[in-house]
Amino acid sequence: MKLEVVVLAAGQGTRMRSSLPKVLHPLANRPLLSHVLDSARTLMPVRIHVVIGHGSELVREALDAKDLVWVMQEEQLGTGHAVLQAMPGIDADSTVLVLYGDVPLLRASTLEGLIDNCPALLTANLDDPDGYGRVLRDSGDQLQGVVEHKDASDEQRAVREINTGVLAYPAALLAEYLPRVGNANAQGEYYLPDILSMAVNEGHCVAALRANEASEVMGINDRVQLAEAETVYRQRAAEALMLAGVSLADPARIDVRGSLNCGRDVFIDVNCVFEGEVTLGEGVRIGPSCLVRNSTIAAGTEVHALSHIDESDVGDNCSVGPYARLRPGTTLAKGARIGNFVEIKKALIGEGSKVNHLSYVGDAELGDGVNVGAGTITCNYDGVNKHKTRLGDGVFVGSNSTLVAPLEVGAGGFVAAGSTVTRDVPESALGVSRAKQRNIDGWQTPKQRADDEKNQAQGD
Ligand code: UD1
Ligand code: CA
């Protein structure tokens, strides 16, 4: 069986009240439409046709890919008209699955069930079916058709089973019925669901399958529904993590915007956000309110509260934070410790090395067992170029040092606290660069001086 998918995404999405096309609004940090395309891709169709109209340039730019056929619908004359635009590119002997660009939470298993029962319509029972097309069945429970809310009688509006819009149809039947769909209805539109009653009336049997969860078929029309979809997405992600052996302090307070792969016995505290591709090794602990993006954190490492880890590679048994920031290109070897208010950028921190307090380390390579004292800054940027700092194994940098790159401190080297180091420090040497201390005996403070002057004046 050949499968072709048609995704309808030409509508304006007026109720979003946005200049961004509706299907580009983000759910879990990705456009709504990209979720739909991903579900479609799991079915391995021969082609995916995306019908675009409003904001077509933006939509195409955002999501262009080799497996997509872009179909322009100049005027949005209805869902039936939209599918008709894609028909010239569809093989006559294929099965067509119609999806909506604004229905992003469908599960692949639901779609597979629909295709297996083709021709078939996906329906759902809703507590509040207002606005949706209602599913009409005969006394034998067979599908008769769909009536749009605006065209429905009071009796029909009482039906709680709704049309999700998703259907699987043989291309041959679409080719037969779509051109015959009219627009004599309340909205003056060519309704796709009209092909259901047409087929039924001519003796075809169309299956109507109910989705298991109403949340799966949720359509996004406004930002309230978008937030609801985000909640559903979050719940699904949290559930999958817990079933895979992750402990969550509160499953309602984690956001996974991408893919999060975890080893066993990972613990994640509240209000953490994971973006892009993140991998956490066995036993990793993430403290409250951390953001981790496109990073790998190896087994046994603990990330403390309020840390920010971006495009970094953290080794095993490290300690990061609280309040640490690892910027892109950071690599921490095994057992490294990055403490509070420390920023690391494009740097390799060797095994067991420590940068524990209030430091900036950028464009640097630290060997093993290095200790960087509080308030140390690598001056890596001269306004034009970035320069490298290299600290050999076992180097000790005293607090409040300024390391002006390019700079190298040889293994076992020592930088005295408060130094501004502009020249390399050889192996095992002490680099000290600061004004010599002078002590002035009997130093009078300005206050003491003023008091003395006053006393003298009075004595005169
Ligand atoms: C549609 C269905 C309704 C169903 C509901 C489920 C019709 C006539 N009605 O109503 O039975 O209960 O979805 O959410 O099909 N689109 C185009 N071109 C057009 C018109 C629409 O591409 O000319 C796209 C939209 O961008 C959207 C989808 O089709 O992705 C649905 O259109 P929308 O106007 O939202 O239909 P509803 O009124 O919600
Ligand atoms: Ca809709």
Side-chain angles (χ1 to χ4, degrees), residues 5-43 48-63 68 70-73 75-83 85-86 96-108 110-111 114 121-124 126 128-133 146 148-150 162-168 187 189-193 211 213-234 236 257:
V5 175
V6 177
V7 181
L8 303 190
Q12 184 169 19
T14 324
R15 282 170 282 173
M16 296 301 282
R17 297 182 186 281
S18 172
S19 36
L20 190 69
K22 175 163 77 175
V23 292
L24 291 187
H25 276 259
L27 170 68
N29 213 28
R30 283 192 294 139
L32 286 173
L33 183 55
S34 91
H35 291 267
V36 179
L37 296 177
D38 280 0
S39 322
R41 284 179 177 126
T42 61
L43 306 168
I48 301 175
H49 310 258
V50 189
V51 182
I52 47 174
H54 274 281
S56 56
E57 278 313 305
L58 286 173
V59 175
R60 202 177 160 149
E61 220 168 83
L63 294 159
L68 301 181
W70 298 99
V71 178
M72 193 63 193
Q73 187 193 23
E75 263 187 297
Q76 284 69 58
L77 302 179
T79 48
H81 179 259
V83 176
Q85 307 312 301
V96 179
L97 176 71
V98 177
L99 301 175
Y100 285 6
D102 61 354
V103 180
L105 295 171
L106 284 164
R107 291 185 194 272
T110 304
L111 299 177
L114 205 66
L121 176 72
L122 185 65
T123 74
L126 297 190
D128 178 13
D130 232 43
Y132 287 95
V146 164
E148 288 306 300
H149 181 89
K150 286 187 179 147
I162 61 103
N163 167 31
T164 65
V166 176
L167 54 81
Q187 303 182 81
E189 285 183 8
Y190 297 89
Y191 292 163
L192 176 64
E213 333 154 30
S215 61
E216 203 186 333
V217 300
M218 188 177 161
I220 313 297
N221 294 310
D222 56 38
R223 296 186 201 233
V224 176
Q225 288 168 331
L226 183 59
E228 283 166 14
E230 189 79 41
T231 303
V232 173
Y233 189 94
R234 183 184 302 125
R236 280 191 190 176
R257 304 168 185 161

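Computed from heavy atoms alone, side chains included, the values below leave out hydrogens, waters and symmetry copies.
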| Expected output: side-chain Q85 to main-chain H81 donor-acceptor under 3.5 Å | yes
| remark: By salt bridge (charged side-chain N to carboxylate O under 4.0 Å, His left out), E213 pairs with (sequence neighbours left out) R107
| Can L68 and L37 be said to form a side-chain contact (heavy atoms from CB on, under 4.5 Å), step by step? | CA-CA 9 Å; L68 301 181; L37 296 177; 3.9 Å; yes
| Would a distance-only check, ignoring hydrogens and angles, find a side-chain to backbone donor-acceptor pair under 3.5 Å from E230 to A28? | yes
| Do you know which two heavy atoms are closest between P193 and N163, and how far apart they sit? | CG-ND2, 3.5 Å
| request: Ignoring hydrogens and angles, tell me if any N or O in the side chain of R236 forms a donor-acceptor pair with the backbone of L105 under 3.5 Å. | output: yes
| message | Quick check against the 3.5 Å criterion: does H149 have a side-chain atom that pairs as donor or acceptor with the backbone of G131? | response | yes
| remark: Taking every heavy atom of V103 against every heavy atom of G219, the minimum-distance pair comes out as CG2-CA, 3.9 Å
| request: Could you please spell out the steps behind the side-chain contact (heavy atoms from CB on, under 4.5 Å) verdict for Q76 and H54? | output: CA-CA 9 Å; Q76 284 69 58; H54 274 281; 3.1 Å; yes
| said: Once rounded to the nearest 0.5 Å, what's the spacing between atom CG of D102 and atom CZ of R15? | reply: 9.0 Å
| What's the spacing between L167 CG and L192 CG if we round to 0.5 Å? | 5.0 Å
| query | Given the rule in the side-chain contact (heavy atoms from CB on, under 4.5 Å) test, do T110 and V217 qualify, once you have shown the distances and angles that lead to the verdict? | reply | CA-CA 10 Å; T110 304; V217 300; 5.9 Å; no
| said: Within this structure, what is the CG-CG distance for the pair L33 and L63, rounded to the nearest 0.5 Å? | reply: 5.0 Å
| remark: The reported gap from CD in E148 to CD in Q187 (rounded to nearest 0.5 angstrom) is 6.5 Å
| field | Taking every non-hydrogen atom, the tightest pair across L8 and A82 | value | CD2-CB, 3.8 Å
| request: Mind listing the closest non-hydrogen atom pair of A108 and L43 along with its distance? | output: O-CD2, 4.1 Å
| remark: Hits for salt bridge (charged side-chain N to carboxylate O under 4.0 Å, His left out) against D38, two or more places apart or cross-chain, chain-then-number order -> R30, R41
| request: Go through V166 and L97 one step at a time and tell me if the side-chain contact (heavy atoms from CB on, under 4.5 Å) criterion holds. | output: CA-CA 7 Å; V166 176; L97 176 71; 4.2 Å; yes
| note | With sequence neighbours left out, the residues meeting ring-ring contact (aromatic ring centres under 6.0 Å, His included) with Y233 are H35
| request: Could you tell me whether a side-chain N or O of K22 sits under 3.5 Å from a main-chain N or O of I220, the two making a donor and an acceptor? | output: yes
